Amino acid sequence: RQMCIRDSSNVGKSSIINSLTNNHSLAKISKTPGRTQTINFFILRNHLYIVDLPGYGYARISKVMRDNLSVIIQEYIENQINLIRTYVLIDAKVGPKSLDIDMFDFLAEYNKLFSIVGYDPITNDLGVAVATKYIAVGSSVPFAKPEVGTLAIQAYANPKLGPEGLQLLEKGYSPNETIEILMKKDEGRDYRQFGIVDSKGHSATYTGKKCEFWAGGMTGQYCAAQGNMLIGESTVSAMIKYFVSHSGNLADRLLDSLIEGERIGGDKRGRQSCALLVVRPNAGIPVYNNCLLYTSDAADERSSVDLGGRR
């Protein structure tokens, strides 16, 4: 696994890397900005690496080298499947500069996805399916608790909102009320996206006004679908239409709805990660009690899941 660090030239990236690795001579510190002109990998522990990317100020280097570095860095961020986090360092005395804002916008391109949450009134199963270009989506987006509800928290996802949302549902708040309470105190509300279904089948969806185009959500009977940076609204509407027009195993319906959204258009940057979580009271082995099915990070959604003997 890899965590990369990037900054405007001369912010102090090398010093932070040395501090994190407890090796003050590992990353070379220079008084001349822009000395890092390659991608460097440092072992933090076991199989976790800190990746030192060239600063995006590039200091005094030629335009040809600057363009070459831009291509190398973009290809690394786009294609490195082991990249789990990217950190941008800001000079606290100066604050974000134009290059920092550009970097935020660039990284935002890799944080978009589409999802569907659903409920089966026959089995009382609750579940969520999600797909994106972003790696390890199952670690931060899907949440569910049997006989309570299920949530998908995305765009600039804040995983802390998942347990908080489930607690509100468990106290009897509706999905709409839950979203209203969570967003009222969330300073990042304009960048959030939610999909919620409770144990009664009531659904709600929310899209912050600053989520990347195309962004939006829809609700249907026992379901809600939402997405951002999609080809268009058709991805979300296709998932809703498929879910409400089919019956059977909830996990199958969620997964097939996700695949239908992908077929129509999906994430316009492509697909790299997906997750499916379904819960049922007293299901699963004791360690994962109530978890009927969970799978994450499949390159091919259908081939990764074994549902009732079908693979």
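Fair warning: this is a prediction, and the values are worked out from it, not measured in the lab.
We find that Glu164 and Lys185 are joined by a salt bridge, their nearest charged nitrogen and carboxylate oxygen being less than 4.0 Å apart.
Between the side chains of Thr205 and Gln226, at least one donor-acceptor pair of N or O atoms lies under 3.5 Å. One side chain, Gln193 or Gln154, offers a donor N or O that lies under 3.5 Å from an acceptor on the other. Side-chain contact check for Thr178 and Asn176: no donor-acceptor pair (N or O, by modelled atom type) lies under 3.5 Å.
Under a 3.5 Å cut-off, the side chain of Glu260 and the backbone N or O of Ser257 do not form any donor-acceptor pair. In this structure a side-chain-to-backbone donor-acceptor pair under 3.5 Å is present from Arg253 to Phe243.
Members clustered with Leu168: Phe143, Val148, Leu151, Ile153, Leu161, Leu166, Leu169, Tyr173, Ile179, Ile181, Leu182, Met183, Phe194, Ile196, Tyr206, by chain and number, using a 4.5 Å side-chain heavy-atom cutoff among hydrophobic residues.
At least one side-chain heavy atom of Val51 sits less than 4.5 Å from a side-chain heavy atom of Ile39. Within the 4.5 Å cutoff, the side chain of Leu254 has heavy atoms near those of the Val278 side chain. Contact check for Phe114 versus Leu258: side-chain heavy atoms found under the 4.5 Å cut-off. The closest side-chain heavy-atom distance from Glu147 to Pro281 is below 4.5 Å. When side chains are defined from C-beta on, Glu233 counts as touching Trp214, because their heavy atoms get closer than 4.5 Å. For the pair His202/Pro175, a side-chain contact is recorded, criterion being any heavy-atom separation below 4.5 Å from C-beta on.
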Begin with the C-alpha distance, continue with both residues' side-chain angles, and end with the deciding distance and a verdict on side-chain contact (heavy atoms from CB on, under 4.5 Å) for Tyr49 and Met3. CA-CA 6 Å; Tyr49 290 80; Met3 300 185 301; over 6 Å; no
Would Asn124 and Tyr119 count as a side-chain contact (heavy atoms from CB on, under 4.5 Å) if you check the C-alpha gap in whole Å, the side-chain angles of each, and the deciding distance to 0.1 Å? CA-CA 7 Å; Asn124 291 322; Tyr119 168 70; 2.9 Å; yes
Apply side-chain contact (heavy atoms from CB on, under 4.5 Å) to the pair Val244 and Cys223, showing each step before the final yes or no. CA-CA 8 Å; Val244 300; Cys223 65; 3.9 Å; yes
Report the C-alpha separation of Val279 and Lys145 in whole Å, then their side-chain angles, then the decisive distance to 0.1 Å, and conclude whether the side-chain contact (heavy atoms from CB on, under 4.5 Å) test is met. CA-CA 6 Å; Val279 295; Lys145 186 173 182 178; 5.8 Å; no
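The nearest pair of heavy atoms linking Ser234 to Ile264 is OG-CG2, 3.3 Å. Across every non-hydrogen atom of Thr207 and Ala215, the tightest pair is CG2-CB, 3.9 Å. Across all non-hydrogen atoms, the minimal contact from Pro142 to Val128 is CB-CG1, 3.2 Å.
Both Ile73 and Phe41 are assigned to one and the same hydrophobic cluster, defined by single-linkage of ILVMFWY side chains at heavy-atom distances under 4.5 Å. Under the 4.5 Å side-chain contact rule for hydrophobic residues, Tyr242 and Leu276 do not share a cluster. Residues Val236 and Phe213 are members of one and the same hydrophobic cluster, defined by side-chain heavy-atom contacts under 4.5 angstrom among Ile, Leu, Val, Met, Phe, Trp and Tyr.
Here Glu262 contributes atom CD and Met239 contributes atom CE; the two are 10.5 Å apart, rounded to the nearest 0.5 Å. Note: Leu53 CG to Ile5 CD1 = 9.0 Å, rounded to the nearest 0.5 Å. For the atom pair CG of Leu255 and SG of Cys274, the computed distance is 7.5 Å after rounding to the nearest 0.5 Å. The line from OG of Ser203 to CE of Met218 is 13.0 Å long, rounded to the nearest 0.5 Å. To the nearest 0.5 Å, the span separating NE2 on His246 from NZ on Lys241 amounts to 10.5 Å. Residue Asn228 holds its CG atom at 7.5 Å from OG1 of Thr132, rounded to the nearest 0.5 Å.
Applying the side-chain hydrogen bond (donor to acceptor under 3.5 Å, both in side chains) criterion to Arg189, with sequence neighbours excluded, gives no partner residue. Residues forming a side-chain hydrogen bond (donor to acceptor under 3.5 Å, both in side chains) with Gln221 (at least two apart in sequence, or on another chain): none. Not counting sequence neighbours, Asn68 has no partner by the side-chain hydrogen bond (donor to acceptor under 3.5 Å, both in side chains) test. Residues meeting the side chain to side chain contact (heavy atoms under 4.5 Å, CB included) test with Asp190, sequence neighbours left out: Lys209, Lys210. Shown here are the side-chain hydrogen bond (donor to acceptor under 3.5 Å, both in side chains) partners of Asp120, two or more places apart in sequence or in another chain: Thr123.
Within a 6.0 Å sphere centred on CD of Glu180, other residues, nucleotides and ligands contribute 12 heavy atoms or fewer.
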